[in-house]
Each structure stands twice: as C-alpha cells, then as structure tokens.
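See below for the structure under consideration.
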Amino acid sequence: MTKVHQYEEYDEISSDLGAVHTLEDNDDSEDSGDDKQHEDDEVDYGDEEDTDDKEGLPSYLFQREFFKQHLVAIIVAIIASGISYYRIIQSDNDFSFMVAKRNLHERIPIKTVPVKRQVPLKPTETHHHHEYRRMSNVFFCPVDEDSTVTSESRSERLKNVLSRNDNDVSNIDTNLQLFQFNFPKEYTDIVNDYYIADSTMDDSYENVLSSNTEMTDHSQFHCLLDATMANQHRSTVPTHDIAYVQPHIRSFYRDEVNSKKSSSLSVKTVLETEKEDFLEDIRPVSLTYTGFTAKFINLSTKPMNLYWDGKNKPKFRARIEPFEAFSTVTTPGNSFYLAPVYDKEHAMERWIMTADEAVVFYDAIENDSEVLMRLSREERKLYEMQKLNIKYGQDYLVKTQRSWLSMFPRPMHMHFMWSAEYYGQEHEVISDQSHFITLPTDRVGQSRIWRHLDYADYDNMVEKRKKASNDGDKFINLKEYRNDGPLKLTLKVISVAPRVFEIDGFLSDSEVSHLLDLATMYNVTETDLKGRMPLKKNHGSTNAWIRREMSPIVDAIYHRTADMLKIDESLLRHRNEHEHTELNTHHSIAEALFLTQFIKDQGYIPRSDAVQTSVRNRYQPNRFATVVFFLNDIEEDWGGDTIFPLAVNVHHHDGVRVTPKKGKAVLFYNMLPDGNVDDLSQHSSEFLLDGEKWVGSLFLWDPIID
C-alpha cells in the first residue's frame with residue numbers, strides 16, 4: 001500500500017454541485033486533562049521512622065483512612081479479576097448464549113480474547129507467489145499483429161503469444177488484444193531490474209534499488225537489446241502489451257438485437273442497409289453521474305500534501321510520499337493542488353480535473369539538472385519507474401479510451417474471472433456447501449455452531465478428503481443442520497461494463513440470522529474506530545469484521561464464495577505450511593467479512609474498492625473482486641438500493657440498480673482482464689428514507705493480499 005494518509009471514510013462527492021466534501025482536519029489538539037490541579041485531602045501518616053511500640057510496624061498502617069482507601073482498592077481488584085476470568089472461560093464455552101436474545105441495535109464492544117489455537121501456524125517471513133511474473137504480458141520480441149483478422153483468430157494468436165512467456169491461457173477474455181506502444185529506450189535499465197526482481201523474487205525491490213544489477217538472461221530482454229541496436233536513430237522501440245478493449249454496446253443486448261433483427265427480416269420491404277442502420281442506433285444513454293478516479297503522482301524527493309480547493313478553504317486529502325501516488329474519486333471541474341508539508345498555501349502544481357486527463361503528476365526533477373544529478377541510485381530508479389508508467393499510460397489511453405490507473409507493468413489477473421457478454425447472461429455453479437436450514441437450540445448443538453475453527457480442523461478436513469472419506473469435515477460441515485445434496489447457484493449478468501452479477505438465494509435465513517448475531521457480538525461503532533470523530537450520515541452506524549474461522553457457518557459462506565468464484569477454497573483462508581504448497585502462498589487472499597448496518601439518512605456516495613499500491617511492490621496487488629451480501633429485505637419506498645452509476649446501458653440514466661433482498665449476493669470485479677482498475681465499478685448505497693439495511697462485503701485480492 002502506498003504510504004499516504006487517506007481519509008476516504010469521510011469523503012463526500014456532491015453530484016449536483018460537482019464538489020468533493022471532506023471532513024475538515026481537526027487542528028486543535030485535545031486537552032490531556034483539566035488545567036486545574038485536583039489536590040487530595042492531606043492525611044498525616046506521620047514520620048517514616050514512627051512505629052508502633054508493640055508491633056514494631058509503621059503507625060500509619062493502623063489509621064482508619066489508610067484502611068478505608070486500600071480495602072476499596074483490593075475489593076475492586078478482586079472483582080475485576082473475577083470478571084476477566086469469567087469472560088475467558090465464557091469465550092471458549094458459552095459465549096454464544098449471550099447473543100441469542102440480544103437486540104440487534106445494541107452496541108457491544110468487540111471481543112478481545114484471542115482464539116486459542118490447537119495447531120499454531122508456523123510464521124513465514126516471506127509472502128511469495130512463486131508463479132507470478134510482473135513482466136509476463138510485455139513482449140519485446142517481434143509479434144505478428146494483423147488488425148484485420150476476426151476476434152476469434154485474434155484470441156487464438158494472443159494465446160500463442162502468451163504461451164511464449166509461460167502464461168496460463170485457460171481463461172483468456174475474448175476482448176483482450178495485443179497493442180503496440182513505443183517503449184523509450186532510456187528506461188532499458190529499469191526493464192532489466194524488473195526481470196531480475198522477477199527471477200530473484202525481490203518483492204520490495206530492495207536489492208535492485210540499492211545496487212546495480214547484472215544483466216538478465218531473459219529472452220524478451222535480449223530482444224529489446226536487439227531492437228535497440230536496430231533502431232539506433234529512434235528514441236523508442238516498438239513493444240507489445242495486452243489491453244482490454246470494450247466491445248460495442250449492441251453486443252450487450254443480445255436478446256433485444258435478435259428480436260429487432262427478426263422483426264426486420266419479416267418485413268420484405270426493408271433493405272439490408274436499413275437493417276444495419278437499425279442495429280447501429282443502439283447507443284449508451286447519457287449518465288447522470290460523471291465521477292471518475294483521479295490519480296496524483298509525486299515525482300519529487302520530498303513528501304507533498306494534496307489539497308482539494310474547497311468552497312471556503314483548502315481541504316487536506318493525502319500526504320504523498322516521494323515517487324508514490326494517490327487516487328481518489330472526484331468529478332469534472334474540481335481543483336486540486338500539491339503543496340509542501342510545511343506550507344499548504346504554497347501550491348507547487350495545480351490541476352482542474354477532467355476525465356480525459358485523470359492521471360496527473362508533479363515533476364520537480366525533469367527541468368532541474370542539478371536536482372537530477374543529486375538523485376541517489378534508489379531515487380533515480382523510482383523516478384524512472386514512474387516516468388515509464390506515465391509514458392505507457394499515454395499509449396494505453398489512446399488504444400482503449402480509458403485511463404491507466406494501475407502501475408506498469410501489471411500482468412493480467414491470476415484468478416478466474418466470469419465473462420459478462422450481455423445482459424441476462426447466466427452461469428451456473430454447483431457447490432457442495434449446501435445451506436444451513438436450522439440452528440440448534442440445545443447446549444451441545446450451540447457449542448458446535450459457535451465453535452472457533454483452527455488449523456487442526458482444516459488439516460483434518462484436507463487429509464480426509466484425500467482419502468475420499470465422507471466424515472473428514474464433520475466438525476466443519478455439520479450436515480445434520482444443512483440441506484442434503486449440493487447447492488446450485490445461478491450468476492445472472494445485470495451489468496456488462498462493469499461486470500456485475502446477481503445471485504439469488506446465496507444465503508439461507510438461518511445463515512443470515514447467524515451473521516446478524518455475529519454483527520451484534522462484534523459491533524464496532526465509528527466512534528470506537530475514530531476516537532472523537534463525529535458520526536457522518538453517509539456511513540453505517542454499525543460495523544463488524546467477521547473472520548472465516550469464527551464459526552462453521554461463516555466458514556461455509558467463505559467456502560461457497562470460493563466455489564462461486566471458481567477459486568480454490570483454501571486460498572480464502574490461512575493455511576498450514578504443509579498444506580497446498582502448490583498454491584504458492586500460505587496467506588488468505590480474502591479480507592475479513594465486513595458487516596455494516598445503515599439506518600435512516602445513511603448510505604454512501606459513489607466510491608471504488610480498488611486501492612493504490614506502492615511503486616515498490618512487485619506484485620502490485622489490488623482488490624480483484626467484491627461480493628456483497630444482503631441480510632434483510634427493504635421496503636420499496638425506503639430507498640437503499642445499491643447502485644452502479646457508471647454502468648453502460650441504454651435505458652437508465654442513473655446506471656444499474658440492485659434492490660436489496662434477504663439472502664441475495666452481488667459479485668462485481670474491480671479489475672479489468674488486462675490488469676487495469678475498472679473505474680466503472682464505482683458503486684454507491686442509496687440513502688435510506690426509513691428502516692434499516694444490513695449488508696456484508698467480502699473483498700478478494702489478486703495476486704496476493706497487501
């Protein structure tokens with residue numbers, strides 16, 4: 001994660017005013033206490049040498065005031081110790097019984113007693129993904145590119161090219177294309193560093209930044225050297241990368257187009273050319289929301305503060321470290337500027353933002369030869385990494401008409417991605433994680449449902465499955481409380497750009513009730529999170545983070561989500577160091593399930609789930625997909641819809657809406673198939689006019705979690 005201090009929780013973007021509203025910084029420090037000195041009543045305990053004649057003890061021990069004060073302190077300490085011991089015992093046994101009859105609106109502090117592990121995970125010093133190669137999508141060797149061929153043959157050629165770099169070609173999107181960009185020869189050394197870091201797994205570029213590296217023996221790099229010699233009189237070398245090119249919107253409405261086409265064919269007087277014009281009339285509707293993600297890059301050796309020019313005074317947005325970047329959602333016409341950390345009035349660079357120029361940078365080095373000469377080896381390499389990224393982004397924008405919001409080079413996603421070719425398209429998934437349909441009421445059953453899982457449970461499950469045993473995961477599956485047989489899930493496309501899928505009946509009523517109980521048990525209010533920060537109306541009143549191992553039901557939800565995404569379930573949990581070593585990393589790619597309650601006048605404005613990763617991170621990890629679970633029904637006149645305001649469509653000016661329904665899940669991807677951030681995936685929660693709305697959000701990362 002880039003080293004910036006973000007305050008995204010308190011951002012507001014007003015569509016009608018085209019402004020970004022941010023909670024003002026509280027510069028007034030809190031007083032540590034009352035200025036007045038509280039003097040205790042003095043008690044004369046006598047001189048230290050004074051003792052009782054008979055007992056040989058200090059005389060103050062026998063004074064009444066001394067006994068009164070210390071007796072109270074002893075009693076309080078005994079009571080506190082008893083309560084602490086009782087809570088520890090309850091956490092392992094009957095903690096769940098306190099939850100059953102709680103009011104969901106009651107706020108309870110988060111439980112702090114750690115889970116006792118039977119088989120602790122051996123700490124790993126590394127977080128490698130052994131198959132990941134950051135340069136795998138870049139081709140310096142000649143590529144036969146013919147733009148006149150059909151998309152089908154283009155896809156086959158792309159697979160052939162990718163296989164040269166040992167890429168997995170099993171899940172290649174048909175809208176991916178090879179495109180040529182002009183690689184500046186001055187950054188050849190940086191490319192060499194990228195190849196060396198890939199081969200040595202220098203994940204933070206610690207070695208390549210601190211010293212001169214040897215020349216890589218990678219074949220693509222040697223093609224670059226050959227091309228450099230062949231183009232001595234040019235400053236650039238033709239290079240190929242992969243880009244996602246969004247198809248024409250008429251392909252989004254396959255059913256409507258087919259119905260119109262068949263209707264046209266039934267009228268013999270309609271000429272063939274008129275039919276084509278009829279189909280070409282399908283155009284995207286103009287959207288009410290015009291927001292976009294803006295990216296600010298600091299190309300200087302000093303940290304800089306980013307400010308938004310607010311209505312009354314500048315509003316602090318972020319501190320951007322040298323050669324790092326910061327992203328935020330904004331609207332056209334907003335003004336931002338960078339200033340030194342010690343003087344916010346001195347604007348070093350100012351921008352009026354537009355969607356066409358969403359990526360901007362402050363370069364304090366390019367036109368100052370003295371500063372350039374004083375750069376250290378590390379600073380110069382970081383500077384050139386960002387300059388190469390900016391140059392690539394310019395060519396990418398020309399090819400795709402889309403801003404490059406990632407950091408070049410960024411390979412394609414490593415996890416499976418569902419296709420979304422047209423509205424109404426459906427995919428079916430069979431999961432062995434059937435619904436929990438009942439919750440036990442007896443003491444033994446309750447203890448099993450609320451039991452925390454550990455590595456021994458998962459190790460036993462894996463071992464039994466290898467032996468094809470049906471009872472290997474009986475402590476996790478709890479089949480007596482579940483439906484028999486597998487569960488069929490249907491993913492229905494409700495948006496093509498961005499890719500959004502609706503899954504009805506993902507959760508059962510019993511599973512929803514269990515999550516709501518957990519939300520109450522682990523409730524953390526916003527005041528708890530931010531100290532004395534006031535509660536903003538565009539945020540939920542209740543927040544809770546639920547880990548997979550907290551109960552067998554939560555584990556089943558994670559496992560079912562992995563099945564739906566066609567991702568190995570063990571990637572969504574921390575694993576024993578001896579389990580599934582072929583999966584490259586022992587760490588989960590999933591965050592804790594984030595549960596939120598919204599009440600009247602609460603919701604949130606459009607935002608992106610993607611993050612801005614540090615230039616020093618070889619993996620360039622990001623939130624790959626988001627799964628949203630609805631935990632209650634919403635009355636029609638309450639509002640509360642989840643909205644994708646940038647969804648490309650021909651009918652609705654406000655994008656695509658999803659009406660909350662108990663048990664429903666929504667899956668959307670925050671990344672495009674080429675590794676770029678999908679800015680169309682911005683989403684909002686309509687402000688509630690009445691009632692309440694409960695949702696859970698699960699974020700999954702690619703290729704690893706940051």
Check your understanding: Are the side chain of K566 and the backbone N or O of W418 linked by a donor-acceptor pair below 3.5 Å?
Key -> no
Review point. Taking S406 for the side chain and G675 for the main chain, is one N or O donor matched with an acceptor at less than 3.5 Å?
Key: yes
Review point. Are the side chain of H427 and the backbone of S419 linked by a donor-acceptor contact shorter than 3.5 Å?
Key: yes
Check your understanding: If you measure from CD on Q682 to CG on N670, what distance do you get to the nearest 0.5 Å?
Key -> 11.0 Å
Exercise for review: State yes or no: are the ring centers of H415 and W701 separated by less than 6.0 Å?
Suggested key: no
Review point. Quick one: does W694's side chain get under 4.5 Å of L515's, heavy atoms only?
Key: no
Practice item. May I ask you to decide whether E686 forms a salt bridge with K693, counting only side-chain N to carboxylate O separations under 4.0 Å? Key: no
Exercise for review: Answer yes or no: is there a donor N or O on one side and an acceptor on the other, between the side chain of N676 and the main chain of S403, under 3.5 Å?
Suggested key: yes
Point to revise | D504/K664 under side chain to side chain contact (heavy atoms under 4.5 Å, CB included): CA gap, chis, key distance, verdict | key: CA-CA 5 Å; D504 284 323; K664 178 194 291 185; 3.2 Å; yes
Review point. Can you check whether R618's main-chain N or O pairs, donor with acceptor, with D203's side chain at less than 3.5 Å?
Key: no
Practice item. Output yes when a side-chain donor or acceptor of N632 lies under 3.5 Å from a complementary backbone atom of E692, and no otherwise. Key: yes
Review point. Heavy-atom distance under 4.5 Å between the side chains of M414 and I589, does that happen here?
Key: no
Exercise for review: Apply side chain to side chain contact (heavy atoms under 4.5 Å, CB included) to F630 and V658, showing your working.
Suggested key: CA-CA 10 Å; F630 295 111; V658 183; 3.9 Å; yes
Practice item. Kindly determine whether D555 and Y458 satisfy side chain to side chain donor-acceptor pair (under 3.5 Å), including the steps that lead there. Key: CA-CA 10 Å; D555 175 81; Y458 290 116; 2.5 Å; yes
Review point. Parallel, tilted or perpendicular: which fits the ring planes of Y423 and Y253, with parallel below 30° and perpendicular above 60°?
Key: parallel
Check your understanding: Checking H435 side chain against G505 main chain: does a donor-acceptor pair fall under 3.5 Å?
Key -> yes
Review point. Does any donor atom in the side chain of H574 or Y455 lie under 3.5 Å from an acceptor atom in the other side chain?
Key: no
Review point. Below 4.0 angstrom, N of the basic side chain to O of the carboxylate: do R451 and D457 qualify?
Key: yes
Check your understanding: Are the charged groups of E480 and R448 less than 4.0 angstrom apart, N to O?
Key -> yes
Exercise for review: Please say which of Y669, Y244, F624, Y132 ends up in a ring-ring contact (aromatic ring centres under 6.0 Å, His included) with H413.
Suggested key: F624
**Study point:** Option among V628, D609, V666, T596 that satisfies the side-chain contact (heavy atoms from CB on, under 4.5 Å) test with S697
**Key:** V628
Point to revise | Cationic N near anionic O, under 4.0 Å, K488 to E428 | key: yes
Practice item. I would like to know whether L518 and I553 meet side chain to side chain contact (heavy atoms under 4.5 Å, CB included); could you show each step before the answer? Key: CA-CA 11 Å; L518 285 169; I553 294 180; over 6 Å; no
Check your understanding: Under 3.5 Å, is there a donor-acceptor pair between the side chain of S508 and the main chain of F436?
Key -> yes
Review point. Do side-chain atoms of R410 reach the backbone of Q620 as a donor and acceptor pair under 3.5 angstrom?
Key: yes
Check your understanding: Honestly, is R560 close enough over F506, meaning NZ or CZ under 6.0 Å from the six-membered ring centre and within 45° of the axis?
Key -> yes
Practice item. Step through the shown structure and confirm whether more than 12 heavy atoms of other residues, nucleotides or ligands are within 6.0 Å of CG on D484. Key: no
**Study point:** E426 CD: over 12 foreign heavy atoms closer than 6.0 Å
**Key:** yes
Review point. Under a 4.5 Å cut-off applied to non-hydrogen side-chain atoms, are T642 and R657 in contact?
Key: no
Practice item. Please lay out, stage by stage, how V695 and F598 fare under the test side chain to side chain contact (heavy atoms under 4.5 Å, CB included). Key: CA-CA 8 Å; V695 295; F598 297 97; 3.9 Å; yes
Review point. Got a donor-acceptor contact below 3.5 angstrom from the E511 side chain to the L507 backbone?
Key: no
Point to revise | Flag side-chain contact, heavy atom, 4.5 Å: Q433 against T561 | key: no
